[in-house]
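First the structure, in the form of structure tokens, and then the observations on it.
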Amino acid sequence: MPGLEILMTAPSDAVMSFSYDPLQVGLSVLIAIAASYAALDLAGRVMANRKVVRAAWLAGGAFSMGSGIWTMHFVGMLAFHLPVPVFYYWPTVVEALFLAILASAAALYVVTRKRMGWRYALISGTVLGSGVAALHYLGMQAMRMDAEYTLHPIIVVAAVVLGILFATSGMWLGYYFRDEPLQTAWRRLGAAVLMGIAIAAMHYTGMASATFRAAPSHFSAAHTVYISTLGTLGIAATILALLAATIVSCLVDRRFSAQYLQLTVARGKVDLANTATLTLMAELTASISHEIKQPLTAIITNANYSLGQLAKATPDLKEVRQAIQEIVDDGNRTNAIISRVRDLLMKESPERALTDVNAIIRDVLQFLHAEAEQNRVDIQLQLADPLSPVHVDRVQLQQAFMNVLMNSMEALRPVPQPQRKIVITSKAKADEIVIRIEDSGPGLLPDVSDRLFEPFFTTKAEGMGLGLSISRSIVEAHGGRLSYIPGSDGAIFEFALPQAAGELP
Ligand code: ADP
């Protein structure tokens with residue numbers, strides 16, 4: 001250890017004693033935890049919003065997360081007491097704050113990207129971790145005092161490695177929590193405590209890499225500040241208040257979007273009803289032609305009757321007029337039926353595009369968020385990421401997934417609350433993307449599995465019996481399959497869609 005050697009050979013160069021103020025250390029850890037919690041919360045809000053609002057969450061989020069990390073470092077440094085007064089060169093301190101905000105913006109941007117593989121997490125974790133380490137040593141450079149310090153390279157490396165590890169795992173946690181699956185507040189808090197301790201560990205390892213020795217430095221007092229314990233407490237309190245405000249804003253925004261989602265669900269149901277009608281018309285052409293057949297038969301009968309009357313020497317013109325009037329009415333009715341069908345069929349032509357199936361699943365979970373929460377259903381996602389894209393109409397696929405998920409939620413009603421679970425998995429298998437929706441409900445009643453996909457087959461008092469037949473038509477129209485997998489306790493439905501070549505837009 002080179003540091004120790006110097007200590008033994010040059011006793012005049014005595015290493016300074018130091019102490020830590022436990023109150024300030026505790027405070028710095030608390031700030032680190034609060035900043036981590038706010039960061040996880042913010043990732044969710046950035047994801048939930050779009051465009052300008054999303055950019056505003058990103059900017060505001062980067063500011064409060066960055067100032068959180070920065071304050072943690074400074075409170076940690078102010079907790080470190082040397083026998084000489086320590087001043088801080090404030091331009092460097094401000095530079096460190098900018099660095100923290102930039103690094104936070106980058107981190108928030110990365111975790112809210114559409115997809116993040118482990119390589120991306122590692123690369124961006126390295127960038128963020130090095131950023132935080134740079135912030136730390138920049139902060140130390142801002143110190144002005146009658147002392148100088150040397151850094152122990154091995155401990156510096158350890159601190160940087162810790163920083164990178166913390167940042168990479170933070171990226172993963174952020175990515176995981178950004179979808180805000182149900183009941184994640186406790187898990188988010190647990191993750192924030194772990195992340196906070198990791199940030200603090202990195203900081204204190206960084207401090208341990210420095211050895212301070214007395215050295216009159218005659219530094220210039222220009223642009224330096226001395227921060228008293230009271231000042232430190234003030235900064236800490238301000239930042240904690242800022243972080244609390246951030247967390248509360250996330251809460252309020254989440255409540256507002258819950259209401260918005262309820263509206264979306266309502267709209268989704270209307271869309272669903274539209275598709276139901278549409279597919280009903282497409283699938284049941286026979287019943288439509290039945291509707292048309294009846295007026296057509298009446299037209300022919302009335303026309304024949306009128307011809308018969310007109311062939312007579314004294315036709316009953318009153319009767320003939322009535323028959324012709326009925327012909328006109330029936331003709332108009334037929335016309336109306338045909339127009340209605342045409343309108344329905346023309347209403348929405350499918351718009352297919354290369355799409356990430358996981359994104360569609362997330363859309364649907366957003367739509368059903370309120371329902372799931374109301375029914376206290378725990379929905380777990382096990383999505384393989386990244387997945388090759390599929391070439392689909394996003395809205396139609398949303399409807400197919402939604403039908404199957406709504407069935408699962410209904411099937412879970414008689415199940416006691418803690419066991420109401422739905423697991424959604426996605427993975428690539430051969431040249432297909434396979435999505436499974438598995439519930440812990442009672443499964444299918446006997447004799448149901450054969451008829452499950454028949455139009456109008458239902459076992460529910462208020463069911464229409466169209467959900468599964470529509471979903472299957474949609475999936476098959478995309479060249480895929482929708483099947484029921486027997487042999488489990490609950491019900492498993494499996495969607496298989498052909499993988500498409502090409503990159504996601
Ligand atoms: P509906 O939901 O209107 O009855 P569907 O076509 O969606 O029409 O479903 C047909 C039937 O399949 C349901 O009535 C129900 O008996 C059965 N079913 C569908 N999904 C499930 C499930 N997850 N668990 C148990 N039974 C199910």
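Read the numbers this way: they start at 1 and go in the same order the structure lists the ligands and their atoms.
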Problem set entry | Pairwise side-chain contact, Glu326 with Thr301, heavy-atom cut-off 4.5 Å (strictly under) |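 Not in contact.
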Problem set entry | Side chains of Asp393 and His478 in contact at under 4.5 Å (non-hydrogen atoms) | yes
Exercise. Under a 4.0 Å heavy-atom cut-off, which residues neighbour ligand 1?
Worked result: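 Ligand 1 is contacted, at a heavy-atom distance under 4.0 Å, by Asn407, Ser408, Ala411, Asp439, Gly443, Leu444, Leu452, Phe457, Thr458, Thr459, Lys460, Gly463, Met464, Gly465, Leu466, Gly467, Leu468, Ala491, Phe493.
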For this session: Any chance you could lay out the side-chain contact (heavy atoms from CB on, under 4.5 Å) test for Ile437 and Asn407, step after step, and finish with the verdict?
Result: CA-CA 11 Å; Ile437 299 181; Asn407 277 343; over 6 Å; no
For this session: Look only at the side chain of Glu438 and the backbone of Val423, and say whether a donor-acceptor pair between them is shorter than 3.5 Å.
Result: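 The answer is no, because no donor-acceptor pair under 3.5 Å joins these two groups.
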Problem set entry | Ser426 (side chain) donor-acceptor with Asn358 (main chain) under 3.5 angstrom | no
Exercise. On the ring face of Phe457, is Arg451 found with NZ or CZ under 6.0 Å from the centre and within 45° of the axis?
Worked result: no
